[in-house]
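Down below is the structure, laid out as structure tokens.
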Amino acid sequence: AQTVTQSQPEMSVQEAETVTLSCTYDTSESNYYLFWYKQPPSRQMILVIRQEAYKQQNATENRFSVNFQKAAKSFSLKISDSQLGDTAMYFCAFMKHVWGIEFYFGTGTSLTVIP
Amino acid sequence: GAVVSQHPSRVICKSGTSVKIECRSLDFQATTMFWYRQFPKQSLMLMATSNEGSKATYEQGVEKDKFLINHASLTLSTLTVTSAHPEDSSFYICSARDWENTEAFFGQGTRLTVV
């Protein structure tokens, strides 16, 4: 089975500053997808950003970007210009190639944006 | 993104009874659905994965006879918690994806309380 590890249980950042959340994973697959999901207090899971393993270019989505290091099996999330609405649990997730059906989550990082 | 509707959002049942949770994909055909359990301030634990028309694949340690999963159509999967006990109280989340989407879309979750 694949494992996803987030080593930072809690983090905080000042509003408008930048913060990076770490994620490492372990897999023997060569083709897979990585995701960052946000879970606010409502507990609705919201997709923040996704990365295809076969793409070398790091994904970006407005204020959110990733640093994908395939050889190191590392997938960190950078949030720029942090906003109060970014306060939430953030989960890193792994999914096998599109024909696979396995989808695993990391342990989560609780991010608090301080006004 | 696509919409996944999960119902009910909250349910309270008596110990020993069964409760059914529904997960519907409203605007796409969900070839694969995932069921998760989430304890407070913890990550999502994958319980089972189901493909439409097939038996669900359960994760190690999940009781198949207790957590019955049915995925009889491309838009509906159900999770039935049989003979519920207080320790089954938790937050249950479903997610769904179609064959061409690399993203899994999440329901709103169901908070189950067994008294």
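Sequence lines set the chain letters: A, B, ... in the order given, protein chains first and strands last, and positions in each chain run from 1.
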Among [options], single out the residue with the greatest number of heavy-atom pairs under 4.5 Å to chain A.
{"options": "B/G109, B/G107, B/S43", "value": "B/S43"}
{"options": "B/Q60, B/Q108, B/Q38", "value": "B/Q38"}
{"options": "B/Q6, B/R111, B/M45, B/K41", "value": "B/R111"}

Review point. Do we get B/R97 above B/F105's six-membered ring, with its NZ or CZ under 6.0 Å from the centre and within 45° of the axis?
Key: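 Negative - B/R97 is either too far from the ring of B/F105 or too far off its axis.
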Practice item. From the options A/F105, A/F91, A/Y90, select the one residue that forms a ring pair (Phe, Tyr, Trp, His ring centres under 6.0 Å) with A/Y37. Key: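 The ring pair (Phe, Tyr, Trp, His ring centres under 6.0 Å) with A/Y37 is passed solely by A/F105 among A/F105, A/F91, A/Y90.
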Exercise for review: Tell me, for A/Q6 versus chain B, whether the close heavy atoms (under 4.5 Å) come from the side chain, the backbone, both or neither.
Suggested key: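 Nothing of A/Q6, per the 4.5 Å heavy-atom cut-off to chain B.
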Check your understanding: Do A/F75 and A/Q69 come within less than 4.5 Å of each other through their side chains, counting heavy atoms only?
Key ->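 A/F75 does not reach A/Q69 side chain to side chain.
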Practice item. Indicate whether any N or O donor in one side chain lies under 3.5 Å from an N or O acceptor in the other, for B/T32 and B/N51. Key: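 Indeed, the side chains of B/T32 and B/N51 share at least one donor-acceptor pair under 3.5 Å.
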